[in-house]
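Encoded as structure tokens, the structure appears first; notes follow it.
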Amino acid sequence: MPNPLYDALFAPHAENTATFLATDDGTSVTYASFVKRAAQIAHVLVDCGVTPGDRVVAQAPKVVDTIALYAACVQTGAVYLPLNTAYTQAELNYFVQDATPTVIVCDASDEKSVKSLGFSAATVLTLAADGSGSLSLAANGQPGNFQTVERSNNDLAALLYTSGTTGRSKGAMMSHANLLSNAKVLVDHWHIQASDRLIHALPIFHTHGLFVALNTSLLVGSEVLLMQRFDLDTIITEIPRSTLMMGVPTFYTRLLSDVRLTPQLCDSFRLFISGSAPLLAETHTEFEQRTGHRILERYGMTETNMITSNPYTGDRVAGTVGFALPNEEVRIMHSGREVSPGEIGIIEVRGENVFQGYWKMPEKTKEELQDNGFFITGDLAKQDETGRITIVGRAKDLIISGGYNIYPKEIEDVLNDINGVLESAVIGVPHADFGESVVAVIVPEDEKLSDAALKSAVETQLATFKHPRRYIQIDSLPRNSMGKVQKNILREQYGAEA
Ligand code: MCA
Ligand code: AMP
């Protein structure tokens, strides 16, 4: 029975004895054994009552079984919902209440807190960093094949939450066709082949590490070095025996800080790709001087997968994100009309890659995914005569720290609720390692508050990567004549590195 994503990514590998995942601890898994493992997990999901369209939450470590869980969701027709492992219980609670999953897979150390959310409709299974846990135990005794559930192109395969300017996270509904069409385009565009070996140091709960990195590898049957996290020494060791890396700009600035990064080290490497945040032109230039490789920068969003890319064979120009990918229409709009070359506007995109809308948010969907099919990205850009795009800023109030998106409103809501805080404004300031970092500017009601009081409220509610690195207390926030807080003034005033 047809299942577009399963048929393209997993089914062809049932007899493939090549290595799929090589892990940090020196063990490896072939494609064939991975497909079998996914089938075993598919049986577990069905035993837990999962039916097509049901959501399966994974707040789980970066191990083989987590990726097999993704494959099992596709095979059973369930909707895979990965979550950042750094999320606090308060954050997790929101996602679970909103998505109403049938199964939640979490680390054993979080089992108690997940069960205490009071969402009794879901079965909670555990998966630890060493691969042990109740998911693994339940899967071990299951048959190694599973009758794939029929799905069509527009059926959902995944639900990925992205934060929003309103402070409320939105679940982006990704269909089989959305994911598959983009993976195919990227394989073609970046010349990915079975002979590639990918250094995978990204988290697997975002589009970048999950779909861009893994779906493309699965499509061609190439090897993936699955690193638990970014580790400079391991990457330096692995570069000579690998061909491909996908990373955020922080990966490249950290590599540049190491004297072992030389042309000889990267001699047999094929392609370094960067995305998720702006790559400084200096980083691009310095990397070429040090290695002879021009980093290929691309641009994308959770809602759309990848939108533009620098060319593989043509010129990779520092500071630009290249051209619209094949089968996508990209236009730059200002005041309801397409801008002329050189003018700045907001990027809009239309194509098979564009998502199905926000989960249970029809109004929000209407605002951003227009009737004509163009999705409004909120990124400000200009285009030259040849169609090459340069991102110049963001129309949305968003901070990108080390490739993680942080919406100031979410932090401001937490700060404004603290006793003694009158109001707050959260801004992003330049940071050498993460590109940007978070600073909170606070107006106390009367007396100055202690940093400890502010921090403790933030820590219980928000994941660590969202925590402000500095708290600044002032008498009043600068506002324009419309009463809107002028964050640009705050950034100028407090923009020195945190
Ligand atoms: C870790 N910390 C951070 C970040 N990462 N703080 C701010 N921003 C971050 N990005 C905090 C930790 O909570 C910890 O805080 C301290 O910094 C050190 O943590 P550690 O784990 O040692 O950091 P690391 O392992 O060196 O991680 C840095 C990293 C990582 C490698 C840059 O953040 C990362 O892998 N980023 C990639 C994110 C990504 O995949 N984005 C794609 C989403 P404390 O000491 O207080 O505990 S965007 C996307 O998918 C779209 C579609 C796209 O275009 O790609
Ligand atoms: P997310 O919402 O997590 O999917 O992140 C998408 C956002 O990351 C985009 O809207 C951009 O603002 C940003 N982004 C992704 N790639 C790039 C890039 N190469 N240059 C600048 N910004 C980027």
Side-chain angles (χ1 to χ4, degrees), residues 62 82 84-88 158 160-165 169-170 172 174 179 182 186 200-214 227-232 234-235 246-255 273-281 283-284 295-310 316 318-322 346-349 353 355 368 375-381 389-407 428 431 433-438 455 458-459 462-469 498:
K62 191 176 174 184
N84 193 325
T85 47
Y87 284 148
T88 61
L160 265 73
Y161 277 85
T162 77
S163 313
T165 44
S169 286
K170 304 163 287 183
M174 309 307 299
L179 300 180
N182 208 240
L186 297 180
H200 192 308
L202 291 160
I204 51 169
F205 41 72
H206 282 307
T207 294
H208 197 169
L210 180 62
F211 302 136
V212 183
L214 291 177
M227 293 175 57
Q228 284 288 323
R229 53 182 292 276
F230 180 92
D231 178 73
L232 193 53
T234 310
I235 292 188
M246 298 180 188
V248 295
T250 303
F251 283 23
Y252 294 103
T253 49
R254 288 186 183 180
L255 276 167
I273 301 175
S274 178
S276 303
L279 181 77
L280 293 179
T283 309
H284 186 281
I295 299 171
L296 186 153
E297 185 173 6
R298 59 66 180 170
Y299 152 73
M301 263 187 97
T302 301
E303 289 91 333
T304 60
N305 294 294
M306 298 306 97
I307 303 170
T308 73
S309 171
N310 269 277
R316 300 176 198 161
T320 79
V321 293
I346 294 181
I347 300 177
E348 295 187 4
V349 55
N353 54 307
F355 75 142
E368 296 179 24
F375 172 70
I376 305 170
T377 63
D379 290 307
L380 293 169
I389 293 171
T390 302
I391 295 180
V392 298
R394 298 170 205 134
K396 51 197 173 191
D397 190 14
L398 163 70
I399 299 167
I400 305 184
S401 167
Y404 283 136
N405 283 14
I406 300 166
Y407 278 87
H431 187 274
D433 188 31
F434 289 142
E436 284 183 281
S437 77
V438 179
K455 278 184 187 160
V458 165
E459 277 164 14
L462 301 171
T464 42
F465 68 90
K466 299 178 191 168
H467 296 180
R469 303 245 157 178

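Ligands are counted one by one from 1 in listed order, and the atoms in each one are counted from 1 as well.
In this structure, the protein non-hydrogen atom closest to atom 35 (O) of ligand 1 is Pro203 CD, 3.5 Å. Among protein heavy atoms, the minimum distance from atom 23 (O) of ligand 1 is reached at Arg229 NH2, 4.2 Å. In terms of protein heavy-atom proximity, atom 6 (N) of ligand 1 is closest to Arg469 NH2, 3.2 Å. Of all protein heavy atoms, the one lying nearest to atom 33 (O) of ligand 1 is Tyr404 CE1, 3.3 Å. In terms of protein heavy atoms, atom 55 (O) of ligand 1 is closest to Ser276 OG, 2.5 Å. Ranking the protein heavy atoms by distance from atom 7 (C) of ligand 1 puts Ser401 OG, 3.0 Å first. The protein atom (non-hydrogen) at minimum distance from atom 4 (C) of ligand 1 is Phe434 CZ, 3.6 Å. Looking only at protein heavy atoms, the nearest one to atom 37 (C) of ligand 1 is Gly402 O, 3.3 Å.
Distances below 4.0 Å separate heavy atoms of His208 from the following atoms of ligand 1: 42 (C), 50 (O), 55 (O). Counting the atoms of ligand 1 from 1 in the order shown, those under 4.0 Å from a heavy atom of Leu202 are 40 (O). With ligand atoms numbered from 1 in the order given, ligand 1 contributes 52 (C) to contacts under 4.0 Å with heavy atoms of Thr302. Here is the list of ligand 1 atoms found below 4.0 Å of a heavy atom in Phe230: 31 (C). Listed by atom number, the atoms of ligand 1 under 4.0 Å from Met301 heavy atoms are 52 (C). Within ligand 1, the atoms closer than 4.0 Å to a non-hydrogen atom of Thr207 are 50 (O), 52 (C), numbered from 1 in the order shown. Each of the atoms 13 (O) of ligand 1 lies under 4.0 Å from some heavy atom of Thr464. The Gly300 neighbourhood of ligand 1 comprises atoms 54 (O), with distances under 4.0 Å to a heavy atom of that residue.
Judged by the shortest distance from any of its heavy atoms, Arg298 lies inside the 4.0 Å radius around the atoms of ligand 1.
The nearest non-hydrogen atom to atom 10 (O) of ligand 2, considering only Asp379, Val392, Ile307, Ile406, comes from Asp379. Nearest to atom 4 (O) of ligand 2 by heavy-atom distance, out of Ile400, Leu160, Thr302, is Thr302. With Gly378, Ser276, Gly393, Ser163 as candidates, the residue nearest to atom 8 (O) of ligand 2 on a non-hydrogen basis is Ser276.
At a 4.0 Å heavy-atom cut-off, ligand 2 touches Glu297 through the side chain alone. Here Thr207 has no heavy atoms under 4.0 Å from ligand 2, in either its backbone or its side chain. Of the heavy atoms in Arg254, only side-chain atoms (C-beta onward) come closer than 4.0 Å to ligand 1. Contact annotation for Ala277 and ligand 2: only backbone heavy atoms (N, CA, C, O) come within less than 4.0 Å of the ligand. If you look at Lys396 next to ligand 2, the close heavy atoms, those under 4.0 Å, all belong to the side chain.
Looking at ligand 1, you'll find an N or O of Gly403 within less than 3.5 Å of one of its N or O atoms. Considering backbone and side-chain N/O of Gly275, none are found under 3.5 Å from N/O of ligand 1. The shortest N/O to N/O separation between Thr250 and ligand 1 does not fall below 3.5 Å. In terms of polar-atom proximity, Glu303 is not counted as a contact of ligand 2, lacking any N or O under 3.5 Å from an N or O of the ligand.
Of all heavy-atom pairs spanning Ala395 and Ile346, the tightest one is CB-CD1, 3.7 Å.
A donor-acceptor pair is defined here as one N or O able to donate and one able to accept, closer than 3.5 Å; such a pair exists between the side chain of Asn182 and the backbone of Met306.
For Tyr404 and His206, the distance between ring centers is under 6.0 angstrom.
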